[in-house]
Amino acid sequence: MRIECPCCGPRDHDEFRYGGDASVTRPAHGDPDPEAWYRYVYVRTNPAGLHREFWQHVIGCRQWLVVERDTRNHAIASVDLARKLPARKSPARKPSARKSPA
């Protein structure tokens, strides 16, 4: 499998490290719901077809990439720098009802 790095050009997949599913949204930092964290860490789909994944070019420019890859035949549909993707917003948290020290 060859990955077209936006910075370095086409490279063999051995130069990259798989970084996980790029379509999963991480729970908010302070989210106390153990079920949300369990789903984030352990529950994954196993899609047949196009799938977005994080890859890091560890033997090259060290950039994090989002690779859209067909899981049936490993054909790469697109590669983009992860830093160029819009940031996902975490769900809004309720303000804490802290009392200020008096």
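Numbers here simply count residues along the sequence, with the first being 1.
- Considering every non-hydrogen atom in both G19 and W64, the closest pair reads CA-CZ3, 3.7 Å.
- To the nearest 0.5 Å, atom OH of residue Y40 and atom CG of residue D21 are 9.5 Å apart.
- The two atoms that bring P34 and P32 nearest to each other are CD-O, 3.0 Å, heavy atoms only.
- By the salt bridge (charged side-chain N to carboxylate O under 4.0 Å, His left out) test, E53 is found to be paired with R69, residues two or more places apart in sequence or in another chain being considered.
- Residue pairs meeting the salt bridge (charged side-chain N to carboxylate O under 4.0 Å, His left out) criterion with at least one member in residues 39-48, sequence neighbours excluded: E35-R39.
- Within the 4.5 Å cutoff, the side chain of V79 has heavy atoms near those of the I3 side chain.
- C5 SG to W55 CH2: the interatomic distance, rounded to the nearest 0.5 Å, is 13.0 Å.
- Summarising the local packing, OH of Y38 is surrounded by 12 or fewer heavy atoms from other residues, nucleotides or ligands at distances under 6.0 Å.
- Side-chain contact between R2 and H13 is absent, with no heavy-atom pair separated by less than 4.5 Å.
- Residues satisfying the salt bridge (charged side-chain N to carboxylate O under 4.0 Å, His left out) criterion with R72, sequence neighbours excluded, are D70.
- Proximity of E15 to H57: side-chain heavy atoms (C-beta onward) are separated by under 4.5 Å at one or more points.
- Using a 4.5 Å heavy-atom cutoff, the side chains of S78 and V67 are not in contact.
- Q63 meets the side chain to side chain contact (heavy atoms under 4.5 Å, CB included) test with C7, C61, L65, L81, R83; sequence neighbours excluded.
- For the salt bridge (charged side-chain N to carboxylate O under 4.0 Å, His left out) test, no residue two or more places apart in sequence or in another chain qualifies with R17.
- In this view, T71 satisfies the side-chain hydrogen bond (donor to acceptor under 3.5 Å, both in side chains) rule with no residue, not counting sequence neighbours.
- Note on F16: it clusters hydrophobically with Y18, by side-chain heavy-atom contacts below 4.5 Å among ILVMFWY residues.
- In this structure, CE in M1 is found 11.0 Å from CG in N73, a value given to the nearest 0.5 Å.
- Side-chain atoms of R11 come within 3.5 Å of backbone N or O of C8 as a donor-acceptor pair.
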